[in-house]
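Input: a single structure, listed below in structure tokens.
The shown structure was predicted, so the numbers you read here are calculated from the model rather than taken from an experiment.
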Amino acid sequence: MGINQNHLFEDLDGIKCAIVEKNASQDRIDFLKPLLEFNRFKVMVVPSPPSKTAVPPVPASNDAPVPAEAALVVKEEAPKIPSTFTIGVTDVGFNPTNAIFGRLLKTMDGQVVTLAYWQQKDKVSDPETPYYEKKKH
């Protein structure tokens with residue numbers, strides 16, 4: 001575990017990694033993985049663990065026997081394909097916040113990665129135009 005929530009570590013497939021993003025969709029992976037690999041990071045992607053669900057309480061009765069119909073039934077479900085993933089890089093010194101605001105990442109065309117580009121709000125990274133001068137759509 002990192003010092004604070006902005007610098008997390010986990011073991012992904014047995015390798016200590018700095019966490020880039022948790023619960024990422026496949027589209028997000030398709031965007032981040034090539035970007036980070038272009039910036040010479042080794043990227044690890046693993047399925048996010050399933051969310052913890054509460055077990056329904058079993059009704060407790062002191063004297064009455066539990067009928068067979070009311071017994072707890074375990075449902076067998078086919079394993080689902082995970083819809084979210086955890087993205088990490090093997091460089092444990094990597095911090096996404098510092099990398100973006102420190103202007104350390106570059107796009108494939110050599111531009112500096114901006115916050116809007118990282119969040120996929122802009123299709124093209126434009127570090128020359130300040131955020132307050134950009135037109136809202």
Side-chain angles (χ1 to χ4, degrees):
M1 175 100 127
I3 295 173
N4 60 31
Q5 290 297 323
N6 294 329
H7 201 93
L8 299 175
F9 304 100
E10 274 186 31
D11 285 339
L12 303 180
D13 286 340
I15 299 172
K16 186 79 159 183
C17 294
I19 300 301
V20 175
E21 195 166 304
K22 287 188 173 189
N23 298 323
S25 65
Q26 184 63 47
D27 290 337
R28 190 78 175 132
I29 292 169
D30 294 340
F31 173 76
L32 286 177
K33 188 173 180 180
L35 178 67
L36 291 168
E37 286 175 344
F38 177 77
N39 284 280
R40 298 182 183 182
F41 290 103
K42 183 171 187 238
V43 180
M44 301 290 295
V45 178
V46 297
S48 293
S51 62
K52 296 179 182 177
T53 57
V55 176
V58 176
S61 61
N62 296 337
D63 298 329
V66 178
E69 302 87 37
L72 183 61
V73 177
V74 177
K75 293 182 180 177
E76 295 278 334
E77 292 184 12
K80 293 198 277 185
I81 297 173
S83 58
T84 60
F85 300 88
T86 300
I87 306 170
V89 294
T90 57
D91 180 2
V92 293
F94 180 79
N95 182 333
T97 304
N98 291 345
I100 295 165
F101 291 108
R103 302 170 60 95
L104 303 175
L105 298 175
K106 304 282 185 191
T107 62
M108 287 14 157
D109 59 354
Q111 294 292 319
V112 173
V113 172
T114 61
L115 181 61
Y117 183 78
W118 179 265
Q119 294 174 342
Q120 292 180 279
K121 292 179 181 177
D122 286 344
K123 301 270 185 211
V124 178
S125 183
D126 181 16
E128 301 303 319
T129 305
Y131 72 91
Y132 52 86
E133 288 183 4
K134 293 184 180 180
K135 294 180 183 179
K136 301 220 178 195
H137 301 351

Verify same cluster id: Leu8, Ile15 (apolar side-chain graph, 4.5 Å): yes

pair Val43-Ile87: side-chain heavy atoms closer than 4.5 Å: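 With C-beta onward as the side chain, the pair touches.
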
Side-chain touch Phe41/Leu35, heavy atoms, less than 4.5 angstrom: no

For Leu12, all residues meeting side-chain contact (heavy atoms from CB on, under 4.5 Å), sequence neighbours excluded: Glu10, Cys17, Ile19, Met44, Val46, Thr86

ring-ring contact (aromatic ring centres under 6.0 Å, His included) partners for Phe31, two or more places apart: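 Counting only residues at least two positions away or on another chain, Phe31 forms a ring-ring contact (aromatic ring centres under 6.0 Å, His included) with Tyr117.
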
Rounded distance (nearest 0.5 Å) linking atom [atom1] of [X] with atom [atom2] of [Y]:
| X | Y | atom1 | atom2 | answer |
| --- | --- | --- | --- | --- |
| Leu115 | Lys121 | CG | NZ | 7.0 Å |
| Ile29 | Glu21 | CD1 | CD | 9.0 Å |
| Thr107 | Phe38 | OG1 | CZ | 7.0 Å |
| Phe101 | Thr114 | CZ | OG1 | 9.5 Å |
| Leu105 | Leu36 | CG | CG | 6.5 Å |
| Thr84 | Lys22 | OG1 | NZ | 11.0 Å |

Side-chain donor or acceptor of Asp91 paired with backbone N/O of Ala18 under 3.5 Å: no

Considering all heavy atoms, the nearest Val113-Lys106 contact: CG2-C, 3.7 Å

Contact summary for Phe85 and Ser48, nearest pair of heavy atoms: C-OG, 3.1 Å

Counterpart residues, side-chain hydrogen bond (donor to acceptor under 3.5 Å, both in side chains), relative to Ser25 (two or more places apart): none

Within 45° cone and under 6.0 Å: Arg28 NZ/CZ vs Trp118 ring: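 Positive - Arg28 is close enough to the ring of Trp118 and near enough to its axis.
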
